Amino acid sequence: MIELYHNDMSVCAQKVRLVLAHKNISWHSKHLNLRSGEQFNPEFLRINPKAIIPVLVHDGAIITESNVICYYLEEVFSDNALMSIDPVKRAESRIWLTRLDAGLHEQIAVLSFCLAFRQQILTRYSTAAALESFFSNIPDPSRQMIMRDMVQNGTASPRFELALHAYKKVVSEIAAALQHSDWLVDSGLSLADYGYLPYIERLDQLGLSLLWDEHPQIDRWLARLQATDAYQSGMQQWHNQDYIELMKHASSAAVAAVKQTG
Ligand SMILES: N[C@@H](CCC(=O)N[C@@H](CS)C(=O)NCC(=O)O)C(=O)O
């Protein structure tokens, strides 16, 4: 039996659900509401003491880290392969995915919180005391510090500008990869495409698609992926309209921020 601890709009959970859907693997949903702090419930902390999703539980084996989960699924469920048989192409897919762990994942959270999701926190914890209690309940001091900064400073946080810069860079590299290929790795649709789809869709939802105004191949790649059955059941079916509306409202601030940072 496969269980997935996840969240509807979490990009790294979307990535795992895309792979599960692509491979037609059936799984049981254990959905956690991250805004109400369900990731800190003792039951979940026993499964992942780091209090983060996604977590896959396969016949009792606990697998954490979205990229590790994707590789695990690729190894255990080899049908509908998402890695090339060519070792060089496999390495290329891995390099794309590694970059998510090396900063891009944290930076999409920075863009999302600074532009939009901080509003959810400020509304839910509307007094200074409630907000302080929310921050101090985050067990990891580094996550606590980052959350304080994003919620209190929004787009004025230096983290925001660095994150925008990182995404401008990777968008131009994605555009270069898609110049002569339908997929990020030219051997075919791979874990790399499903890995980046949630991040690029998130930029779009935040009003940041202007980052690829001059690269229509990115819109074509997005449309190709959004036409797949895996997208329908792995992402679209889980879309949370409240979050999408919130991000839409942030788009004018996003456009202003991009223009300001040049
Ligand atoms: N490197 C991890 C990152 C996981 C992660 O950051 N998960 C976020 C959701 S996207 C989370 O669970 N956050 C919990 C929180 O906000 O307290 C992975 O790829 O699985």
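Just so you know, ligand 1 is whichever comes first in the structure, and atom 1 is the first atom listed for that ligand. Note that the structure is a prediction, hence the values are computed from the model and not measured. These numbers come from the heavy atoms of this one structure, side chains and all, not from hydrogens, waters or symmetry mates.
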Self-check item: Ser78 side chain to Glu75 backbone, donor-acceptor under 3.5 Å
Solution: no
Quiz item: Between His6 and Trp27, how do the two ring planes meet: parallel, tilted or perpendicular, split at 30° and 60°?
Solution: perpendicular
Practice problem: Indicate yes or no: does an N/O atom of Ser66 lie under 3.5 Å from an N/O atom of ligand 1? | Solution: yes
Quiz item: What closest approach, in Å, do Thr155 and Phe160 show between heavy atoms, and which atom pair accounts for it?
Solution: O-CD2, 3.6 Å
Quiz item: For atom 7 (N) of ligand 1, what's the nearest protein heavy atom and its distance?
Solution: Ile53 O, 2.8 Å
Practice problem: Salt-bridge test for Asp186 and Lys89: reply yes if a basic N is under 4.0 Å from a carboxylate O, no otherwise. | Solution: yes
Quiz item: Does Asn67, backbone or side chain, put an N or O under 3.5 Å from an N or O of ligand 1?
Solution: no
Quiz item: At a 4.0 Å threshold, what atoms of ligand 1 neighbour a non-hydrogen atom of Pro54?
Solution: 20 (O)
Exercise. Write out the residue and atom name of the closest protein heavy atom to atom 13 (N) of ligand 1, then the distance separating them to 0.1 Å.
Key: Ile52 CG2, 3.8 Å
Practice problem: Please say which of Met235, Glu201, Gln236 ends up in a side-chain contact (heavy atoms from CB on, under 4.5 Å) with Gln226. | Solution: Glu201
Exercise. Report the part of Glu106 (side chain from C-beta onward, or backbone N, CA, C, O) that has a heavy atom under 4.0 Å from ligand 1; answer both or neither where that applies.
Key: neither
Quiz item: Hey, does Asp101 have a side-chain heavy atom less than 4.5 Å from the side chain of Thr98?
Solution: no
Exercise. Provide the number and element of each atom of ligand 1 under 4.0 Å from a heavy atom of Cys12.
Key: 4 (C), 5 (C), 7 (N), 10 (S), 19 (O)
Quiz item: Hey, is Gln39 touching ligand 1 through its side chain, its backbone, both or neither, going by heavy atoms under 4.0 Å?
Solution: side chain
Practice problem: Report yes if Arg143 has an N/O atom closer than 3.5 Å to an N/O atom of ligand 1; otherwise report no. | Solution: yes
Exercise. Name the orientation class of the two ring planes belonging to Tyr196 and Tyr199 (parallel below 30°, tilted from 30 to 60°, perpendicular beyond 60°).
Key: tilted
Self-check item: Distance from atom 1 (N) of ligand 1 to nearest protein heavy atom, with residue and atom
Solution: Glu65 OE1, 2.7 Å
Practice problem: Return the residue, atom name and 0.1 Å-rounded distance of the protein heavy atom closest to atom 9 (C) of ligand 1. | Solution: Ser10 OG, 3.6 Å
Self-check item: Aromatic plane relationship, Phe134 with Tyr125 - under 30° parallel, 30 to 60° tilted, over 60° perpendicular
Solution: parallel
Quiz item: Quick one: which of Glu38, Lys15, His105 has a heavy atom closest to atom 3 (C) of ligand 1?
Solution: His105
